[in-house]
Protein chains: 2
Amino acid sequence: MAKVLTSRSESYAQWYNDLVLKADLAENSSVRGCMVIKPYGYAIWEKMQRVLDDMFKETGHVNAYFPLFIPKSFFSKEAAHVDGFAKECAIVTHYRLKNDPDGKGVIVDPDAKLEEEYIVRPTSETIIWNTYKNWIQSYRDLPILVNQWANVVRWEMRTRLFLRTAEFLWQEGHTAHSTKEEAIKETETMLGVYANFAEQWMAMPVVQGYKTANERFAGALETLTIEALMQDGKALQSGTSHFLGQNFAKAFDVTFTNKEGKIEHVWATSWGVSTRLMGALIMTHSDDNGLVLPPKLAPTQVVIVPIYKKDEELSKISEVAEKLVTELKSLGISVKYDDDDKRKPGWKFAEYELKGVPVRLAIGPRDLENGTVEVARRDTLTKEVMPLEGITGKIESLLNDIQENIFKKALDYRTEHTTKVDDYEEFKQLLDDKGGFFLCHWDGTSETEEKIKAETKATIRCIPLDAPNEEGKCMVSGKPSPKRVLFARSY
Amino acid sequence: MAKVLTSRSESYAQWYNDLVLKADLAENSSVRGCMVIKPYGYAIWEKMQRVLDDMFKETGHVNAYFPLFIPKSFFSKEAAHVDGFAKECAIVTHYRLKNDPDGKGVIVDPDAKLEEEYIVRPTSETIIWNTYKNWIQSYRDLPILVNQWANVVRWEMRTRLFLRTAEFLWQEGHTAHSTKEEAIKETETMLGVYANFAEQWMAMPVVQGYKTANERFAGALETLTIEALMQDGKALQSGTSHFLGQNFAKAFDVTFTNKEGKIEHVWATSWGVSTRLMGALIMTHSDDNGLVLPPKLAPTQVVIVPIYKKDEELSKISEVAEKLVTELKSLGISVKYDDDDKRKPGWKFAEYELKGVPVRLAIGPRDLENGTVEVARRDTLTKEVMPLEGITGKIESLLNDIQENIFKKALDYRTEHTTKVDDYEEFKQLLDDKGGFFLCHWDGTSETEEKIKAETKATIRCIPLDAPNEEGKCMVSGKPSPKRVLFARSY
């Protein structure tokens, strides 16, 4: 059968784009830089949303909704924030169209110009802290632990489906606390939630750590990140959690009376993950045949394909298959029986491989005779004929195996592609030859960080939380360094 | 205790606004016409979303996501649609801010003007049908049964929380079919889903019917609606389902090859409900003491309040209460034990009444002695002391009773306020004196409909699906009429 995807070795970027399109995950729209998330892609995103939302609620958070538009002046209130966010954005300047006097279509009504322009939110700190001002008077009103699921817009010039789009979907948590310690703890808790989600659900190992000052969120005192390694040796920042100090509270004058009756500024955090996670999920596990999905996030976990020539064969196979469907569903497994007679088994096999369905069962007349079923797993592309008797329990444990196996595979890849380097020339060489994560000593200065970035396109992904203390010398400047930091080229 | 709400008799509009604010459902934002949906209001909306989403999926629909922005020219493609939707809207004209040369804040960069302006979607038919064009070639690609949960913007001049806001949240279904019959059936199916949701979950009786040509969705051949009656005698359109014929398929040139190999235009429907349903929910059931929520949609169904003076009393009450919490949760009932010692029981009683928690339990030292618990129901504001033994089963059936009771109450109100009238003067009089729904004969012309609207502010809410054939004369023109239609003043 002709390959539908460019292979990864030929062009990783083209493979990714082919896969997103061919597996019906998303496509570009007629609107510059905005994507359409297709039903299959959206079904995966919905699963991710549901799990994350449950995790947020378990950690005491509630959802709310704030306006799409932000008055332009709000962005001028937090100095660092405006430089980071308000520059490339969608700006609403008018509120009415009128019929074109030439009779062709509609034009913007010049009389309907806004006094103050609105920015389509690139992130919601400003509008939310302007709102919190009215919600917070006393320490009794704290903490506020709010999350929002929303669309945001950043006017990106070069876009790639899921990874970087002008409009994307995300969640943004915005919390308010009475003490610095509590806010820092929240920042860490939510990073832990993200890391747990990435590893346990997406089967994607991540390194947790601090961003350097250069790489921090605009307006944050500290940014925590989870960094994953893609199969092309590039890092992908997959979620961030920010300790915002009192910056936004001061910018929007949000104070509270503490237990001692004194007035203080409120402490803040924000944290978010986006549809970018879809890109991370795709690139971590998939292969030249198509998508590989972790069973825990696969919209369809098991597909059953009947193999038959005559209609009477089909009806016997269907009897067995439908019983299987019922049994699997009762175990909470999502299963599809595909008896569509417009498509041949070969087409279906390729289709479900492309779409990353973790387990495929095939049942033919010989299986009926022998009381067997053919079980194919997507991750290893292996097949095995198994007895029908007791098959549902085996499938259940097979799904767990696949979840563990793809995590282990991704972890092994990362281990093989994480290199300790002490020499800058060797670093540059290995970056080109092998890619991946590099643990190196760095002198802690922005100058060195920027020099490395300019010369190699590698950045400090994070200062890992678990980096052991190890005296060393910066690979560039030779100055002392207390621990290794994580470098990589990145998405 | 001082009343926190304006009474309904004093001012229904003020009562509504007070209630939305005081019950922490929503508030106005700093952005003109846009609301903030607060956590408690959002928790109710989430419950509604979850139930509706399950209903959509049960009827074969899947979710997807389309761009927030729509190129201006798209609106010129469907003539009726542009007049209905594209006039009062948010228009994006620029994509960059820059620092103000005066050093104060940021200004719109005049060099970053879009070639073609984008409209923030007021509804997504145009962008979706422009997308479907690429998804549909053959009858095998049909039907497409897609729903989208999204925010939309219509530049409303006079806004009211939930009922009419510039930005609101909704779902919009957009389906594509190979035959007219199938599309009409879909339109009807989805109206049925809405009616079922309104009655079974919101406990809100609705009249299902057809909109007249004047009241149809811009671009539809037929609009079906569910109409509910609020306690002030005004109707509220609560959900609509549109048969769009081939209008959008023709505007965006979406064709398919049918089974006979001929090329035809695709048939379309769209259907939606929005955060407006929150307004309907609030106004249908609530009273001068606050919100009354149907148990099926209440974020907290049962609250337990301890009544105590000494700490040792509290610890004994807590033991009983926590056991109750566990038992109720195991029945799938959402329950909160409020042992916050910063608030007195009286404050808590008022608070949960205001927030519409369906059942409140109070446990004091005497209850411990007697093995009893005080059970208060929000809908009737009645209290009863019951034996603790077997209380969870009683609460379960009490929640069902409340759900049924508030539906019945709303239905009784509607029955009492639905009047058959044959005389136009009497109609006008009763409209002012009593309000409600009016079943009247109408000659079927737009002229008469508009005359009535101009003179009375009443509109034809719908031509009810279940209206019996009944020969009569139009109350205004005296011309023949085959059946009565439903008139009311409305939101």
Side-chain angles (χ1 to χ4, degrees), chain A residues 27 29-31 34-43 45-46 62-76 82 86-98 104-108 112 117-120 127 130-131 134-135 140 146 150-151 153 155 166-167 169 342, chain B residues 27 29-31 34-43 45-46 62-76 82 86-98 104-108 112 117-120 127 130-131 134-135 140 146 150-151 153 155 166-167 169 342:
Chain A
E27 65 185 32
S29 76
S30 303
V31 182
C34 293
M35 64 180 160
V36 171
I37 306 180
K38 298 185 78 174
Y40 192 59
Y42 201 85
W45 173 242
E46 274 185 308
V62 290
N63 289 324
Y65 189 77
F66 298 86
L68 172 67
F69 300 129
I70 301 179
K72 192 188 65 179
S73 59
F74 282 27
F75 279 99
S76 308
V82 66
K87 293 301 168 67
E88 306 294 326
C89 55
I91 307 167
V92 176
T93 58
H94 290 75
Y95 58 85
R96 193 185 302 131
L97 293 175
K98 62 175 194 177
K104 281 190 241 162
V106 279
I107 56 166
V108 176
E117 298 87 352
Y118 289 148
I119 310 304
V120 178
I127 187 87
N130 183 65
T131 307
N134 302 317
W135 293 8
R140 286 189 204 85
V146 162
N151 52 346
V153 173
W155 209 266
E167 182 191 15
L169 304 183
K342 293 194 293 294
Chain B
E27 63 185 34
S29 75
S30 303
V31 182
C34 293
M35 65 182 158
V36 171
I37 307 180
K38 297 184 79 174
Y40 191 59
Y42 201 86
W45 174 242
E46 274 184 308
V62 290
N63 289 323
Y65 189 77
F66 298 86
L68 170 67
F69 301 128
I70 302 179
K72 192 189 68 181
S73 59
F74 281 27
F75 279 99
S76 308
V82 67
K87 294 300 167 69
E88 306 293 326
C89 55
I91 307 167
V92 176
T93 57
H94 290 74
Y95 59 85
R96 192 185 303 130
L97 292 176
K98 61 175 192 175
K104 282 189 243 165
V106 280
I107 58 167
V108 175
E117 298 87 353
Y118 289 148
I119 311 302
V120 178
I127 186 86
N130 182 66
T131 307
N134 302 317
W135 293 7
R140 287 188 203 87
V146 163
N151 52 346
V153 173
W155 210 267
E167 182 191 16
L169 304 184
K342 294 194 294 291

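The sequence lines fix the lettering, A, B, ..., with proteins before strands; numbering per chain opens at 1.
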Among Cys34(A), Ser73(A), Gly105(A), Pro39(A), which has the most heavy-atom pairs under 4.5 Å with chain B? Pro39(A)

Using a cut-off of under 4.5 Å on heavy-atom pairs, state which of Val146(A), Leu169(A), Thr131(A) scores highest against chain B. Leu169(A)

Flag the pair Ile37(A) / Phe66(B) as yes when at least one side-chain heavy-atom distance between them is below 4.5 Å, and no otherwise. no

Would you check if Pro67(B) and Glu167(A) make a side-chain contact, meaning some heavy-atom pair closer than 4.5 Å? yes

Mind ranking Arg140(B), Glu27(B), Met35(B), Glu117(B) by heavy-atom pairs under 4.5 Å with chain A and telling me who comes out on top? Glu27(B)

Heavy-atom pairs under 4.5 Å with chain B are the metric here; pick the option from Val62(A), Asn134(A), Ile70(A), Asn63(A) that has the most. Asn63(A)

Would you check if the side chain of Lys87(B) reaches a backbone N or O of Lys98(A) as a donor-acceptor pair within less than 3.5 Å? no

As a quick check of understanding, evaluate side-chain contact (heavy atoms from CB on, under 4.5 Å) for Val31(A) and Phe74(B), giving each step before the final call. CA-CA 11 Å; Val31(A) 182; Phe74(B) 281 27; 6.0 Å; no

What closest approach, in Å, do His94(A) and Thr93(B) show between heavy atoms, and which atom pair accounts for it? ND1-CG2, 4.1 Å

Below 4.5 Å, heavy atoms only, C-beta onward: do Lys38(B) and Trp135(A) meet side chain to side chain? yes

Separation between CH2 of Trp155(A) and CZ of Arg96(B), rounded to the nearest 0.5 Å: 11.0 Å

Using a 4.5 Å cut-off on heavy atoms from C-beta on, say whether the side chain of Phe69(A) contacts that of Ser29(B). no

Within a strict 4.5 Å, meaning less than it, do heavy atoms of the Val92(B) and Val153(A) side chains meet? no

Less than 4.5 Å to any heavy atom of chain B: does that hold for the side chain of Tyr118(A), its backbone, both, or neither? side chain

What I'd like to find out is whether the side chain of Leu97(B) reaches to under 4.5 Å of the side chain of Ile91(A), using heavy atoms alone. yes

